[in-house]
Amino acid sequence: MAQALLGKRLVRLLDGQRLAGTIVETEAYCDAAEPDLACHGTRNRGRPTARTQIMFGPAGHAYIYFTYGMHWMTNIITGRDGQANGVLLRALEPVEGAAVMAQHRTDRPRREWTNGPGKLSQALAIDKTLNGAYLYRPDSVLWVEDATPIPPDVIRRGPRIGLGQTPEPWFSIPWRYWIEGNTFVSR
DNA sequence: ATGTTGATTGGCT
DNA sequence: GCCAATCAACATT
């Protein structure tokens, strides 16, 4: 799913206006086979907590969490109900709603509006009020749309970012996906 | 109850 | 490249 989401469009409806961007970088968390020690769902001995219960729920919901005292992270839950699987959205290429994104990202150049997980959440005004939201409700304010498919040969993969002292093999497993050459990829 | 850390960012050297 | 910001979640006592 992390790979399949590349090239699709994330749409945020805010005050009746569409803010949207092409998904150009993602990361996968957790695996049905064995626990992923970098995944929030494996904390608390693999049992759900107040924060992670959304991860354990059915696919198609948003998992939005707060970190470093200031940043919101946007994830899409995947996999079967009961499994803590999700995809972190790490970067978008802005497509619709430029003026509002620029406003949310105060005086920063376009290139820095959405080239990171905290940045894209801020640009699209995604915070805890969207945690648990089901993306495919008719009245949803956040969803994914199909867009022009990207050619498979531009997809690159590598280790996930910011895992700290997560042990191997999880530290190096190549579950980060991005579109080669896209200027909005975070690094 | 207390201590540590973090799926990051932005400013400074 | 280094590090402070800033606080909720989680682990430990």
Side-chain angles (χ1 to χ4, degrees), chain A residues 1-6 10 21 23-32 34-57 59 61-79 83-94 101-133 135 142 144 156-179 182-187:
Chain A
M1 277 303 299
Q3 198 168 159
L5 283 166
L6 293 177
L10 182 71
I23 298 170
V24 298
E25 181 184 353
T26 61
E27 281 178 358
Y29 283 86
C30 287
D31 187 359
E34 8 177 2
D36 169 8
L37 293 191
C39 177
H40 290 168
T42 63
R43 312 271 183 88
N44 191 37
R45 298 177 309 245
R47 310 302 304 172
T49 67
R51 177 173 66 158
T52 63
Q53 57 172 328
I54 299 300
M55 284 204 88
F56 286 86
H61 290 256
Y63 168 48
I64 314 293
Y65 72 90
F66 188 61
T67 192
Y68 289 103
M70 58 184 86
H71 303 298
W72 294 99
M73 300 285 135
T74 302
N75 299 257
I76 295 175
I77 296 310
T78 61
Q83 291 177 343
N85 294 1
V87 175
L88 171 69
L89 303 183
R90 286 195 57 91
L92 308 175
E93 175 170 345
M101 288 193 210
Q103 194 175 356
H104 292 164
R105 295 286 301 142
T106 56
D107 295 326
R108 307 210 168 270
R110 176 176 136 91
R111 187 192 178 107
E112 295 176 17
W113 290 350
T114 53
N115 65 334
K119 298 176 193 179
L120 73 87
S121 299
Q122 184 176 39
L124 300 196
I126 295 171
D127 62 18
K128 64 181 176 189
T129 62
L130 290 176
N131 187 39
L135 304 186
L142 183 70
V144 174
R156 292 291 176 273
R157 63 144 86 192
R160 295 170 291 182
I161 304 284
L163 265 43
Q165 6 78 1
T166 300
E168 296 288 2
W170 309 113
F171 186 80
S172 300
I173 195 167
W175 283 354
R176 169 180 176 239
Y177 297 87
W178 68 93
I179 296 178
N182 188 283
T183 57
F184 293 89
V185 170
S186 66
R187 61 177 83 172

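What you see is a predicted model, and the numbers here were worked out from it, not measured in a lab.
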Would you classify [X] as touching base, sugar-phosphate or nothing, given that sugar-phosphate means primed atoms plus P, OP1 and OP2, and contacts are heavy atoms under 4.0 Å?
| X | value |
| --- | --- |
| A/Gly164 | nothing |
| A/Glu112 | nothing |
| A/Met73 | sugar-phosphate |
| A/Arg176 | nothing |

Looking only at the side chain of A/Arg105 (C-beta and beyond, no hydrogens), which of the listed nucleotides B/dG10, B/dT9, C/dT6 gets closest? B/dG10
Which nucleotide sits closest to the side chain of A/Lys119: B/dT9, B/dG6, B/dG11?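 Looking only at side-chain atoms, A/Lys119 lies closest to B/dT9.
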[X] [atom1] to [N] [atom2]: how many Å, rounded?
| X | N | atom1 | atom2 | result |
| --- | --- | --- | --- | --- |
| A/Trp72 | C/dC7 | CH2 | P | 12 Å |
| A/Gln122 | B/dT9 | CD | P | 10 Å |
| A/Tyr65 | C/dC7 | OH | C1' | 14 Å |
| A/His71 | B/dT9 | NE2 | P | 6 Å |
| A/Tyr29 | B/dG6 | OH | P | 12 Å |
| A/Tyr68 | B/dT4 | OH | C1' | 13 Å |
| A/Leu120 | B/dT9 | CG | C1' | 13 Å |
| A/Leu88 | B/dG6 | CG | C1' | 13 Å |

For A/Ile64 against A/Asn131, the heavy-atom pair lying closest together: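 Here A/Ile64 and A/Asn131 meet closest at N-OD1, 2.9 Å.
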Do you know the tightest heavy-atom contact between A/Lys119 and A/Glu112? CD-O, 3.7 Å
Taking [X] for its side chain and [Y] for its backbone only, find out whether a donor-acceptor pair lies under 3.5 Å.
| X | Y | value |
| --- | --- | --- |
| A/Arg176 | A/Ile161 | no |
| A/Thr166 | A/Ala38 | no |
| A/Arg160 | A/Ala28 | yes |
| A/Trp113 | A/Arg108 | yes |
| A/Thr52 | A/Pro48 | no |

How does protein contact run along nucleotides 8-13 of chain C, one letter per nucleotide 5' to 3', with B for base contact, S for sugar-phosphate only, - for none, heavy atoms under 4.0 Å? -SSS--
Just one of A/Ile77, A/Thr74, A/Ile76, A/Leu130 clears the side-chain contact (heavy atoms from CB on, under 4.5 Å) bar with A/Tyr63, so which one?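 Answer to the side-chain contact (heavy atoms from CB on, under 4.5 Å) test with A/Tyr63 among A/Ile77, A/Thr74, A/Ile76, A/Leu130: A/Ile77.
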Can you name the one residue among A/Arg156, A/Arg90, A/Arg187 that meets side-chain contact (heavy atoms from CB on, under 4.5 Å) with A/Trp178?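 By the side-chain contact (heavy atoms from CB on, under 4.5 Å) criterion, A/Trp178 pairs with just one of A/Arg156, A/Arg90, A/Arg187: A/Arg156.
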A/Arg108 side chain N/O closer than 4.0 Å to the phosphate oxygens (OP1, OP2) of B/dG11?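 The answer is yes; a side-chain N or O of A/Arg108 sits under 4.0 Å from OP1 or OP2.
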Could you say whether A/Gly118 or A/Gln165 is positioned toward the 5' end of DNA chain B, judged by the nucleotide with the nearest heavy atom to each? A/Gln165
Parallel, tilted or perpendicular, as decided by the 30° and 60° cut-offs, for the rings of A/Tyr65 and A/His40: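 Rings of A/His40 and A/Tyr65: perpendicular, over 60°.
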Which whole number of Å gives the distance between the C1' atom of B/dT5 and that of C/dC3? 16 Å
With both pairing distances under 3.5 angstrom for Watson-Crick or G-U wobble, and | for a partner in another strand, the correct string for DNA chain B is ||||||.|||||.
